[in-house]
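What follows is one structure encoded as structure tokens, with my remarks underneath.
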Amino acid sequence: MRRLMWFSIGFAAACMAGAFLYQQWLVLGAVIILTAAGILALVHKKYGNCLLPLLILLGLGIGLGWFCAYDYLFVTLPRAADGKQLNVSIEATEYSYETDYGSAVEGTVILNDKSYRVKAYLHTSEQISPGDTVTGRIRFRLTTSGGLEDPTSHRTEGIFLLAYPIGSSQIQHTDDISWRHYPAVWRKGLLTRIQELLPGEAGAFASALLLGERSGITYEMDTSFKVSGISHIIAVSGLHVSIVFGLIYTLLAKKRLLSCLIGIPALLLFAAIAGFTPSITRACIMQSLMLLALTLDREYDGPTALAFAVLVMLAANPLTILSVSFQLSVCCMIGIFLFSEKIREYLLRIGKGFIYKEQKLMNRLWQGIAASVSASLSATVMTMPLVAYYFGCVSTVSVLTNLLTLWVISFIFYGLIACLVVSAVSLALGKLLAVIVYVPIVFILKTAELLSKLPMSAMYTSNPYAVAWLVGIYIMLAIFLLQKKKQPKLLVVSVIFTFLLAQTFSWFEPLNDDFRVTMLDVGQGQSILLQSEGKTFLVDCGGDDSEDAADTTAEALLSQGVCRLDGIVVTHFDKDHVGGVVHLLSRIQTDRLILPDVEDEEQIGRTLSSATDATVEYIREDTLYTFGKAEMTIFAPISSDSDNERCICILFQRENCGILITGDRGISGEMALLQTHAIPEVDVLVAGHHGSSGSTSEALLEATSPQIALISVGEDNQYGHPSAAVLQRLTDAGCKIYRTDIYGTIIFRR
């Protein structure tokens with residue numbers, strides 16, 4: 001019956017509830033549930049079928065109780081330190097890394113004689129190594145619930161405090177490294193050696209594959225892996241642990257006792273060097289249980305081992321339940337346990353229909369294909385909802401990509417280990433061996449890149465038709481599983497047909513609008529799609545995070561089947577308007593790149609020009625673009641000492657419908673536009689400078705008489721945008737106001 005599995009389900013549900021509910025309700029809930037479990041325990045023998053709900057109730061009750069106890073034991077002091085400034089010392093446990101404002105480093109701090117993990121954000125770029133200390137006045141922020149600010153993802157890692165030095169801090173370096181810091185030191189040494197052996201993208205891929213180090217992964221590589229559905233390759237997980245185990249087991253001649261005595265410590269060391277991520281920890285626990293079962297000649301049960309791993313990890317930190325890595329890892333294994341064998345058997349039966357027994361090579365090849373496809377499909381079934389929710393992208397070619405690439409991962413992994421071992425004796429020989437490993441790495445990179453650029457290679461949750469398709473898949477799957485006489489072919493055909501139907505609606509729905517304006521939610525930035533007559537222009541692409549802005553824009557376009565833009569217009573070179581363009585151009589090209597002819601000290605225009613094959617046009621004078629009944633007027637930048645005032649402006653019109661975009665121009669820039677041009681009335685006005693009080697003047701509103709005002713602005717931004725003064729001016733002018741921080745992506749159509 002797998003009693004531990006049902007108990008762990010209840011325990012995990014309790015941890016999830018504890019992460020979202022108030023603590024006082026948890027204690028009462030634990031008492032009520034344990035009381036109900038006690039009553040059920042007294043009567044379950046009499047009624048016979050109560051063991052399963054009893055186990056779940058016990059898991060719930062004990063889980064809620066442990067969550068409260070854990071919070072009291074390990075979070076009380078961090079919660080008391082929230083928002084306070086204390087004179088303390090932080091001992092680094094990892095190497096620091098650069099941030100936009102200095103550096104960050106993980107470490108430990110002593111509060112009331114207890115050690116707590118922290119992450120410190122420093123104002124210095126000075127390198128900090130494990131064992132070094134940072135001393136000074138530190139302001140702390142709690143990462144869990146109950147703090148002055150919203151919780152952060154650090155809590156899933158057992159880091160309950162963030163540290164921010166007040167004023168200057170004293171950094172003391174040390175050469176006396178504790179044994180506790182050895183894994184971090186070894187990790188640093190291995191990463192450095194990998195870069196020596198394999199520079200560039202190959203080295204970045206190797207570092208991610210072997211040790212989960214993603215700092216070298218470019219936006220382009222990350223996107224190709226995400227869209228092609230093999231991001232798990234560059235996130236150390238159960239796949240990598242199984243490869244390590246296979247190497248150890250083979251080297252030890254498959255001797256069970258020796259494999260257990262050496263294998264378990266080796267797996268723990270690998271997990272420590274890779275950073276004890278949830279997916280690695282889960283895999284190491286399960287693999288260790290398998291080794292113990294082999295040694296003791298006991299039966300190994302996968303679901304029970306998974307349940308044990310979940311219990312151990314949640315007992316160590318109940319907030320691990322919120323980790324995306326943990327959720328994906330567990331759901332992946334659940335999918336494999338539930339569906340993998342059945343899918344494999346079905347595929348093997350299909351193979352018997354066209355492969356004869358005498359064709360041994362074909363049979364082996366088909367068995368390998370069946371194993372790969374069944375593992376990929378079964379894992380995808382359970383992880384797809386999570387991937388869609390957290391990443392907004394569901395790969396439709398993941399099964400094919402996994403089939404083409406996974407077979408070579410073990411070779412690369414073992415090859416990298418061999419390169420590292422050989423390079424310890426001779427760096428030159430290590431580099432020579434690395435040439436051999438380089439070839440399959442390039443194969444992986446090119447395969448992922450090629451498949452990610454295929455039409456319909458992914459569906460995006462920003463597209464409502466894609467969401468409907470995903471929901472429909474699971475409705476069809478539920479119906480299929482409930483049927484007595486199952487029809488797999490009908491399920492596959494239904495999934496493919498509804499996918500094509502969703503894509504058709506996604507592509508043709510925007511074409512029904514004569515005039516369409518889409519203000520994308522990119523946070524504190526701007527990205528606007530202008531569409532008419534089958535043409536699509538993009539105005540700016542930047543936001544809080546340049547890569548996120550590029551993702552948001554690319555996904556909106558690809559969901560509509562737009563793989564190439566008719567033009568990209570950059571109003572000016574501020575990062576929140578142009579930062580995402582270079583990333584976007586790696587996914588979607590354009591026929592025209594329209595830039596302002598202004599001073600460009602950072603050579604952003606040159607960078608963009610080199611990233612595209614488009615015609616680059618610098619706007620020195622007003623320019624008119626026409627297509628059918630629609631026209632777009634680009635107003636040239638004005639002479640000014642302010643970058644914002646030198647924005648180019650865009651008037652997009654079709655018959656009696658129009659929109660005016662003034663970029664970040666202030667009131668003086670708006671007045672210059674009105675004085676030198678006959679600006680017509682428009683239906684839509686994009687509020688200047690994200691709703692800053694120094695833009696969107698009464699004169700501009702009076703001249704344009706907009707019915708609707710759009711404001712592209714980030715939620716709770718540090719600038720206080722949009723200002724109360726602008727909101728009042730827009731209200732007085734009779735505008736309906738739509739803001740991306742409230743409504744998300746906004747679509748205006750005629």
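Values in this document were obtained by computation on a predicted structure and should not be read as measured data. Residue numbers run from 1 in the order of the sequence given.
In this structure the side chain of Asp544 never reaches within 4.5 angstrom of the side chain of Glu715, judged on heavy atoms. Between Leu306 and Met5 the shortest side-chain heavy-atom distance does not fall below 4.5 Å. Side-chain contact between Leu322 and Phe20 is present, with at least one heavy-atom pair separated by less than 4.5 Å. You'll find the side chain of Leu477 reaches within 4.5 Å of the side chain of Val381, heavy atoms only. When side chains are defined from C-beta on, Lys84 does not count as touching Phe140, because their heavy atoms never get closer than 4.5 Å. Residues Ile138 and Leu86 form no side-chain contact, since every pair of their non-hydrogen atoms from C-beta on lies 4.5 Å or further apart. Between Phe160 and Val118, the closest side-chain pair of non-hydrogen atoms is not below 4.5 Å. Residues Leu386 and Cys331 have side chains in contact (heavy-atom distance under 4.5 Å, counting atoms from C-beta outward).
Salt bridge Arg139/Asp82: absent, no basic N to carboxylate O contact under 4.0 Å. With respect to Glu345 and Lys342, no salt bridge is recorded, no charged nitrogen being found less than 4.0 Å from a carboxylate O. A salt bridge links Arg2 to Asp301: one of the charged nitrogens lies within less than 4.0 Å of a carboxylate oxygen.
Counting only distance, with no hydrogens or angles, the side chain of Asn112 and the backbone of Lys114 share no donor-acceptor pair below 3.5 Å. Not one N or O on the side chain of Trp407 forms a donor-acceptor pair closer than 3.5 Å with the backbone of Ser372. No donor-acceptor pair closer than 3.5 Å links the side chain of Tyr116 to the backbone N or O of Val75. The closest donor-acceptor contact from the side chain of Arg155 to the backbone of Thr320 lies at 3.5 Å or more, if one exists at all. Formation of a donor-acceptor pair under 3.5 Å by the Thr401 side chain with backbone atoms of Ser228 is found in this model. Formation of a donor-acceptor pair under 3.5 Å by the Ser376 side chain with backbone atoms of Val373 is not found in this model. Under the 3.5 Å distance criterion, the side-chain polar atoms of Arg214 are left unmatched by any main-chain donor or acceptor of Ala208. A distance-only check finds no donor-acceptor pair linking the side chain of Thr76 to the backbone of Leu73 [under 3.5 Å]. In this structure a side-chain-to-backbone donor-acceptor pair under 3.5 Å is missing from Ser207 to Glu213. Using a distance-only test at 3.5 Å, with no hydrogens or angles considered, no donor-acceptor pair links the side chain of Ser340 to the main chain of Phe337.
Smallest separation of non-hydrogen atoms from Leu64 and Ala14: N-CB, 3.4 Å. In plain terms, the two heavy atoms of Thr108 and Ser115 that are nearest each other are CB-OG, 3.6 Å. Between Ile233 and Leu209, the closest heavy-atom pair is O-CD1, 3.5 Å. Shown here for Leu211 and Val236, the closest heavy-atom pair between the two residues is C-CG2, 3.5 Å. Annotation for Leu267 and Cys284: closest pair O-SG, 3.5 Å, computed over non-hydrogen atoms. The minimum heavy-atom distance linking Ala274 with Ile280 is given by the pair CB-CD1, 3.3 Å.
Annotation: the span from Ser395 atom OG to Ile230 atom CD1 amounts to 9.0 Å, rounded to 0.5 Å. Put simply, OG1 on Thr498 and CD1 on Ile473 are 6.0 Å apart, with the number rounded to the nearest 0.5 Å. Atoms CG and CD1, from Leu122 and Ile90 in turn, are 7.5 Å apart once rounded to the nearest 0.5 Å. From Leu239, atom CG reaches atom OG of Ser410 across 7.0 Å, with rounding to the nearest 0.5 Å. Once rounded to the nearest 0.5 Å, the distance linking OH of Tyr300 with CG of Leu289 reads 6.5 Å. Separating the OG1 atom in Thr304 from the CZ atom in Arg3 is a distance of 11.5 Å, to the nearest 0.5 Å.
Between Phe205 and Phe225, the ring planes lie tilted relative to each other; the angle falls in the 30° to 60° range. The aromatic rings of Phe245 and Tyr249 sit parallel to each other, their planes meeting at less than 30°, with 60° as the upper class boundary.
Screening Arg117, Lys119, His154 for a side-chain hydrogen bond (donor to acceptor under 3.5 Å, both in side chains) involving Glu106 leaves a single residue, Arg117. For the side-chain contact (heavy atoms from CB on, under 4.5 Å) criterion with Arg256, the lone passing option out of Leu261, Asp297, Leu292, Leu296 is Asp297.
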* **Verdict with supporting geometry, Thr380 and Ser398, side-chain contact (heavy atoms from CB on, under 4.5 Å)** => CA-CA 9 Å; Thr380 300; Ser398 60; 4.2 Å; yes
* **Derivation of the side-chain contact (heavy atoms from CB on, under 4.5 Å) call for Val227 and Tyr460** => CA-CA 10 Å; Val227 174; Tyr460 302 99; 3.9 Å; yes
* **Full working for side-chain contact (heavy atoms from CB on, under 4.5 Å) between Glu91 and Val134** => CA-CA 7 Å; Glu91 181 184 7; Val134 179; over 6 Å; no
* So Ser242 and Gln287, side-chain contact (heavy atoms from CB on, under 4.5 Å) or not? Walk me through it. -> CA-CA 8 Å; Ser242 64; Gln287 203 72 65; 4.2 Å; yes
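Surrounding OH of Tyr474 are more than 12 heavy atoms belonging to other residues, nucleotides or ligands, all under 6.0 Å away.
Side-chain N/O atoms of Arg282 and Ser329 include a donor and acceptor closer than 3.5 Å.
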